[in-house]
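Beneath this line is the structure, given in structure tokens, with notes to follow.
Numbering starts at 1 and runs along the sequence shown. Worth knowing before you read on, the calculation uses all heavy atoms, side chains too, and leaves out hydrogens, waters and symmetry mates. When a ligand or atom number is given, it counts from 1 through the structure's own listing order.
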Amino acid sequence: MIVTIDGVAASGKSSVSSGVAQALGVPYVSSGLLYRAVTLLGLNAGADLADPSALLPLLSPVRLEPLASGNRVWNADHDLSADLHSTRVDGGVSTVAALPEIREWVDAQLRALPAPLVAEGRDMGTNVFPHAPHKFYLTASPRVRAERRARERPEDIPAIEAALTERDRQDTTQSAPAPDARIIDTGPLTLQGVIDTILNDLR
Ligand SMILES: Nc1ncnc2c1ncn2[C@@H]1O[C@H](COP(=O)(O)OP(=O)(O)OP(=O)(O)O)[C@@H](O)[C@H]1O
Ligand SMILES: Nc1ccn([C@H]2C[C@H](O)[C@@H](COP(=O)(O)O)O2)c(=O)n1
């Protein structure tokens, strides 16, 4: 069984996917982490983030480790995970995610993983796992998402909100909900409330 949980930036996809996956006793995979890892490696190498030929040679040692409690991304034996959610990576990741060659590489990594799993991102339900039987799409207003993220970041709420809105704009092409996804406005719900909504739907 594959459950897909897509949604806009900072809508709670990874927290919710982790909670759902732990309740089901299966791994979850965060596709955004792979785009973030490509971006980090590109930035560290001084590569042009819009040039796939500069990025693809960096990717052969990159591996996603899907765990129910949290994903890790490895570059050979170096754990990149702690550096993937920085403002620096946020600023470049949409450029990288717009490249068809990089999307193909990410999709191949994800499709190679064995089911059952919970997959989260933008196009899990539309493109990567279109035949998944259970699909969800998380939303919340930019202000609510910025307020949540401000608890984890040093920037102020208006700056975070502006960056989230810009990232949503740049990611629009791959971020449409699947026609058969259940859309959940997480604004009025607690994290556990969103997880329970999904688990009730799966029962
Ligand atoms: N329903 C909720 N109520 C309150 N806080 C929430 C809720 N859902 C998520 N959060 C909090 O919002 C923040 C962002 O959540 P999370 O990182 O899971 O989102 P995301 O969609 O995976 O983000 P990104 O797109 O940047 O990878 C976290 O601090 C998380 O704990
Ligand atoms: N399936 C996906 C997952 C992610 N992206 C892009 C869009 C985001 O800006 C970036 C980081 O993802 P996040 O950590 O915010 O989930 O990666 C995408 O295009 N497709």
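When heavy-atom distances to ligand 1 are checked against a 4.0 Å cut-off, E152 comes that close only through its side chain, counted from C-beta outward. Of the heavy atoms in V194, only side-chain atoms (C-beta onward) come closer than 4.0 Å to ligand 1. Of the heavy atoms in V93, only side-chain atoms (C-beta onward) come closer than 4.0 Å to ligand 2.
S18 and Q22 form a side-chain donor-acceptor contact under 3.5 Å, judged by distance and modelled atom types alone.
Under the 4.0 angstrom criterion for non-hydrogen atoms, R103 is in contact with ligand 2. Under a 4.0 angstrom heavy-atom cut-off, G32 registers as lying outside contact with ligand 1. Within the structure, ligand 1 has H85 among the residues with a heavy atom less than 4.0 angstrom away. Put simply, no part of R153 is less than 4.0 Å from ligand 1, judged by heavy atoms.
Among the atoms of R149, some N or O lies under 3.5 angstrom from an N or O of ligand 1.
Close approach of ligand 2 to M124 is summarised as follows: ligand atoms under 4.0 Å from at least one heavy atom of the residue are 1 (N).
For the salt bridge (Lys or Arg N to Asp or Glu O under 4.0 Å) condition, the pairs that include at least one residue of residues 35-46, sequence neighbours left out, are R36-D90.
Contact check for L40 versus V93: no side-chain heavy atoms found under the 4.5 Å cut-off.
Of the candidates S11, S15, A150, it is S15 that places a heavy atom closest to atom 31 (O) of ligand 1.
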